[in-house]
Amino acid sequence: MLSKNIFNIRKIISIILIILILSSLIILLFNTSESKAAYSSKFSKYPGYETLIKKLQEAHPNWEFEILETGLDWNETIVAESTKDHGKNVVPKTRPDAWKCSCGKTVEYAWKCASTAAVAYYMDPRNSLNENYIFQFEQLTYDSQIQVREGVEIILKPCNYMHGKVTYYDTNGNKKTLNKTYIDVIMEAAKQYNVSPYHLAARIRQEQGAGDAGSMISGTWTEEGGKYKGYYNFFNIKAFGSDLVKTGLTYAKNQGWTDPEKSIKGGAKFLKGGYIGNYQDTLYLQKYCVDNSCKYGLYGHQ
């Protein structure tokens, strides 16, 4: 979702985390200021990675890479993420049988337990070391030097509900306006919780879509006797099952998210406390918990 214009116009340096997975090791790569010769030697022992990373660096010389060594065994990791716990990872039920586990387990109506082959494909970063999928390895902490308001504006441009000052309906149905814009709120949340404002913006766009506001953030959802009016959940946190709006707004109500600012900042706090501040500071590590430092343990909290 991140527009290339963010980087081309502002020359923003993206901090990218690349996880290298070999037969006996999962490694996350970061470039240092070492010489080209040393750099080449560093990657030459990782089959298939050197060429892909060099291609990215030629196109984006300011991108930096770092290494995270987990010491995990590749085969054991794939089993732990698939057949050891059926349903831990899923694929759409419309996928061909090769993508689905032979156990046939269905998860939340629309998903099927993923096959070992499917998990192995998605966990291997070599399938994502390109400009379309590289950002799942981007570090999600805040950096004021490279993450600016204009970048957030570009991300949220298609989202009509994120334009201008924060306007909302309170729990009594009254329309109100805060003396700050949605961009102001996101930048404040980024600074307060040390979370990338680009990630916050992109995540809102992913969860709520483009165009106008949906039920989760309209403040006007009238089902269930209207008891969820005036509550907002911009990140769809804890929204699950067959009634996503009800479960999502139930969580928002329990958190006291009675306006967009409280919801966005509360969501940033949730992401920081549960993931970004817990050694899961890339989307990849949030999807696959393969860092032993995570307080929830390996292969959990995903």
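What you are looking at is a predicted structure, and each value in this text was computed from that prediction instead of being measured.
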In this structure, would [X] and [Y] fall into the same cluster of hydrophobic residues linked by side-chain contacts under 4.5 Å?
{"X": "Tyr122", "Y": "Tyr299", "result": "yes"}
{"X": "Tyr279", "Y": "Leu72", "result": "no"}
{"X": "Tyr284", "Y": "Val90", "result": "no"}
{"X": "Met123", "Y": "Phe135", "result": "yes"}
{"X": "Val107", "Y": "Val119", "result": "no"}

Discussion item. Quick check: Trp99 with Tyr121 (ring centres under 6.0 Å apart)?
Written reply: yes

Worksheet item: Going through the distances and angles, do Thr282 and Gln136 end up as a side chain to side chain contact (heavy atoms under 4.5 Å, CB included)?
Response: CA-CA 6 Å; Thr282 72; Gln136 66 177 298; over 6 Å; no

Please answer whether the main-chain N or O of [Y] pairs with a side-chain N or O of [X] as donor and acceptor at a distance below 3.5 Å.
{"X": "Ser215", "Y": "Val245", "value": "no"}
{"X": "Gln208", "Y": "Phe234", "value": "yes"}
{"X": "Asp73", "Y": "Glu76", "value": "yes"}
{"X": "His86", "Y": "Thr83", "value": "yes"}
{"X": "Asp124", "Y": "Ala120", "value": "no"}
{"X": "Asn130", "Y": "Tyr133", "value": "yes"}
{"X": "Arg205", "Y": "Ile155", "value": "yes"}
{"X": "Asn233", "Y": "Gly248", "value": "yes"}
{"X": "Thr247", "Y": "Asp243", "value": "yes"}
{"X": "Asp170", "Y": "Lys176", "value": "no"}

Fill in: Of all pairs that satisfy salt bridge (charged side-chain N to carboxylate O under 4.0 Å, His left out), the ones with a partner from residues 177-199, not counting sequence neighbours
Arg149-Asp184, Lys180-Glu188, Lys180-Glu261, Glu188-Lys265

Roughly how far, to the nearest 0.5 Å, is the [atom2] atom of [Y] from the [atom1] atom of [X]?
{"X": "Asn236", "Y": "Gln206", "atom1": "CG", "atom2": "CD", "answer": "9.5 Å"}
{"X": "Lys157", "Y": "His163", "atom1": "NZ", "atom2": "NE2", "answer": "8.5 Å"}
{"X": "Lys54", "Y": "Thr51", "atom1": "NZ", "atom2": "OG1", "answer": "7.5 Å"}
{"X": "Glu108", "Y": "Leu244", "atom1": "CD", "atom2": "CG", "answer": "8.0 Å"}
{"X": "Ile237", "Y": "Ser263", "atom1": "CD1", "atom2": "OG", "answer": "7.0 Å"}
{"X": "Ser196", "Y": "Ile146", "atom1": "OG", "atom2": "CD1", "answer": "8.0 Å"}

Item to complete: Using the side chain to side chain contact (heavy atoms under 4.5 Å, CB included) rule, take Tyr296 and Tyr275 through it: C-alpha gap first, then chi angles, then the decisive distance, then the call.
Response: CA-CA 10 Å; Tyr296 299 105; Tyr275 294 93; over 6 Å; no

Discussion item. Please identify which of these residues, Tyr231, Phe270, Phe235, Tyr251, meets the ring pair (Phe, Tyr, Trp, His ring centres under 6.0 Å) condition with Trp257.
Written reply: Tyr251

Discussion item. Taking the cut-offs as 6.0 angstrom to the six-membered ring centre and 45 degrees off its axis, would you call Lys253 and Tyr228 a cation-pi pair?
Written reply: yes

Worksheet item: Between Asp259 and Val166, does a side chain to side chain contact (heavy atoms under 4.5 Å, CB included) hold up when you go through it step by step?
Response: CA-CA 9 Å; Asp259 64 49; Val166 177; 5.8 Å; no

Worksheet item: Would you say Lys246 has more than 12 foreign heavy atoms packed within less than 6.0 Å of its NZ?
Response: no

Item to complete: For the residue pair Glu138 and His199, confirm or rule out a side-chain donor-acceptor distance under 3.5 Å.
Response: no

Practice prompt. Would you please say whether a donor-acceptor pair under 3.5 Å links the side chains of Lys112 and Thr106?
Written response: yes

Worksheet item: Given Gln302, which of Lys88, Gln280, Glu81 fulfils the side-chain hydrogen bond (donor to acceptor under 3.5 Å, both in side chains) condition?
Response: Glu81

Item to complete: Check the pair Tyr182 / Leu156 against side chain to side chain contact (heavy atoms under 4.5 Å, CB included), numbers first and verdict last.
Response: CA-CA 10 Å; Tyr182 287 95; Leu156 294 176; 5.7 Å; no

Item to complete: Determine whether Lys295 and His301 make a side-chain contact, defined as any pair of heavy atoms from C-beta on separated by less than 4.5 Å.
Response: no

Worksheet, complete the sentence: Note: with side-chain heavy atoms under 4.5 Å as the link, the other cluster members for Phe240 come out as none

Worksheet entry | Gln286: which of Asp281, Asn278, Ile276 passes side-chain contact (heavy atoms from CB on, under 4.5 Å) | Ile276

